**Q** 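I have a structure I would like to understand better, so I am pasting it below and will then ask my questions one at a time.
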Amino acid sequence: MSKSHVIKANSYRPVSAEPFPVPLPLHLELYYSNILLCVYTVSETGVVDFTYNINTDIPILTPIHRKLKADDIYFLIRSRIFPDNPYTAPYELQRLGLSYYEPYEILMKTHGIMAGDCYWIKEANEQINYAMAMEQYMDYYILTPEQRAEKYKAADENKIEEYAAEAFNGIEEFLKS
């Protein structure tokens, strides 16, 4: 029996765990679609704590059998954004409206969404789901900066109007009592 002539290749992109500016304390949530996988907290002193969802067999992107270090969080963030490549990064930064390669800022705009999987990351206090994060991510590739500004300005104005309507109703109820 002869061996087939199959060429196998593995390629990977090296990811740095080198520190970069992040706002502390930091509270990030890792999701797979709309399934919460892990909550990461980094204190003002850089101490990392995490809790993970034991009710799923979807792997989280950091080790679970040892205490995490800040390097693990830097690695996680950098692994979920485009690399600082001199050929492509300037175009990606322009698309995102950023002047410099700032991994945390890139993560906040892209939510760490990458082709080929359903993992994504958000700040713990962000009111967003997977569909909303995907829409925001795709808007960077479909809409012009002007169209994005108009779309999200309209969304913010609608929130303000809803808030004002709720506040007005509360005042009316208070005055009736």
Side-chain angles (χ1 to χ4, degrees), residues 10 12-84 89 92-93 95-98 101-143 148-149 151-163 166:
N10 291 322
Y12 64 94
R13 131 179 114 87
V15 177
S16 169
E18 184 179 322
F20 51 84
V22 294
L24 296 178
L26 182 63
H27 305 281
L28 297 176
E29 295 177 350
L30 172 68
Y31 285 82
Y32 187 88
S33 187
N34 282 322
I35 300 169
L36 176 62
L37 298 179
C38 192
V39 177
Y40 301 96
T41 304
V42 183
S43 73
E44 292 89 356
T45 59
V47 175
V48 179
D49 192 20
F50 72 102
T51 57
Y52 65 96
N53 183 351
I54 61 170
N55 298 317
T56 182
D57 59 352
I58 301 169
I60 66 171
L61 304 176
T62 53
I64 58 171
H65 302 300
R66 65 169 173 80
K67 189 172 181 171
L68 295 183
K69 302 175 286 191
D71 287 352
D72 294 310
I73 301 303
Y74 294 128
F75 180 86
L76 171 66
I77 292 172
R78 284 188 191 233
S79 71
R80 299 305 301 174
I81 63 172
F82 57 86
D84 190 6
E92 295 295 325
L93 292 172
R95 186 186 315 270
L96 296 174
L98 297 173
Y101 189 86
E102 301 173 63
Y104 179 78
E105 295 302 321
I106 295 168
L107 179 76
M108 291 299 97
K109 288 186 176 275
T110 65
H111 292 286
I113 294 173
M114 301 184 90
D117 66 41
C118 296
Y119 288 101
W120 65 288
I121 299 170
K122 73 177 190 84
E123 288 184 316
N125 62 354
E126 243 183 311
Q127 299 299 313
I128 189 171
N129 62 30
Y130 183 60
M132 295 163 69
M134 280 297 295
E135 180 180 359
Q136 287 179 7
Y137 176 76
M138 292 306 297
D139 283 348
Y140 285 111
Y141 292 91
I142 296 171
L143 303 178
R148 276 196 316 276
K151 177 179 180 176
Y152 290 102
K153 177 183 171 194
D156 288 343
E157 287 173 357
N158 289 339
K159 290 178 188 174
I160 291 169
E161 289 173 8
E162 290 172 10
Y163 175 79
E166 289 175 14

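Everything quoted here is computed from the prediction, not taken from an experiment.
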**Q** For the atom pair CG (Leu107) and CD1 (Ile121), what is the distance rounded to the nearest 0.5 Å?
**A** 5.0 Å

**Q** As a quick check of understanding, evaluate side-chain contact (heavy atoms from CB on, under 4.5 Å) for Tyr74 and Tyr104, giving each step before the final call.
**A** CA-CA 9 Å; Tyr74 294 128; Tyr104 179 78; over 6 Å; no

**Q** Within the structure provided, determine whether Lys69 and Val48 are in side-chain contact (heavy-atom separation under 4.5 Å).
**A**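 No; the side chains remain at least 4.5 Å from each other.
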
**Q** Side chain of Ser33, backbone of Ile35: donor and acceptor closer than 3.5 Å?
**A**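 Checked: no pair found.
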
**Q** Applying side-chain contact (heavy atoms from CB on, under 4.5 Å), run through Ile106 and Leu93 and close with a yes or a no.
**A** CA-CA 8 Å; Ile106 295 168; Leu93 292 172; 3.9 Å; yes

**Q** Quick one: does any side-chain atom of Thr56 pair with a main-chain N or O of Asn53 as donor and acceptor, under 3.5 Å?
**A**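 No.
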
**Q** Is there a side-chain contact (heavy atoms from CB on, under 4.5 Å) between Asp49 and Tyr40? Walk through the geometry before answering.
**A** CA-CA 6 Å; Asp49 192 20; Tyr40 301 96; over 6 Å; no

**Q** Can you find a pair of side-chain heavy atoms, one from Leu61 and one from Tyr32, that are under 4.5 Å apart?
**A** no

**Q** Would you call Arg66 and Asp72 a salt bridge, using N to O less than 4.0 angstrom?
**A**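 Looking at Arg66 and Asp72, the cut-off is met.
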
**Q** To the nearest 0.5 Å, how far apart are CG in Asp84 and OH in Tyr101?
**A** 5.5 Å

**Q** Which value, rounded to the nearest 0.5 Å, describes the distance between Tyr119 atom OH and Cys38 atom SG?
**A**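 Result: 11.0 Å between the selected atoms.
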
**Q** Within this structure, what is the CZ-CG distance for the pair Phe50 and Leu37, rounded to the nearest 0.5 Å?
**A**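 Going from CZ on Phe50 over to CG on Leu37, the span is 12.5 Å.
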
**Q** What is the distance from atom CD1 of Ile128 to atom CG of Asn34, rounded to the nearest 0.5 Å?
**A** 10.5 Å

**Q** Ignoring hydrogens, what is the shortest heavy-atom contact between Pro83 and Ala89? Give both atom names and the distance.
**A** O-CB, 3.8 Å

**Q** Please walk me through it: do Phe82 and Leu96 pass side-chain contact (heavy atoms from CB on, under 4.5 Å)?
**A** CA-CA 12 Å; Phe82 57 86; Leu96 296 174; 3.7 Å; yes

**Q** So, the side chain of Glu105 versus the backbone of Glu102: is there a donor-acceptor pair under 3.5 Å, distance only?
**A**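 No.
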
**Q** Do the side chain of Arg148 and the main chain of Leu143 share a donor and acceptor less than 3.5 angstrom apart?
**A**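 It does hold such a pair.
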
**Q** Distance check, rounded to the nearest 0.5 Å: Tyr52 atom OH versus Leu36 atom CG?
**A**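 Rounded to the nearest 0.5 Å, the OH-CG separation comes to 13.5 Å.
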
**Q** Please tabulate, for the side chains in residues 16-30, all donor-acceptor contacts under 3.5 angstrom to protein atoms that are two or more places apart in sequence or on a different chain.
**A**
residue	atom	partner	partner atom	Å
Ser16	OG	Glu18	N	2.9
Glu29	OE1	Tyr31	OH	2.7
Glu29	OE1	Lys122	NZ	3.2

**Q** Considering all heavy atoms of both residues, which atom of Gly46 and which atom of Ala70 are nearest to each other, and what is their separation?
**A**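 Smallest heavy-atom distance, with atoms named: O-CB, 4.2 Å.
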
**Q** Using atom types as modelled, flag every donor-acceptor pair under 3.5 Å from a side chain in residues 132-140 to any protein atom, sequence neighbours excluded.
**A**
residue	atom	partner	partner atom	Å
Glu135	OE2	Lys151	NZ	2.5
Gln136	OE1	His111	NE2	3.3
Asp139	OD1	Lys151	NZ	3.4
Asp139	OD2	Lys151	NZ	2.8
Asp139	OD2	Tyr152	OH	2.5

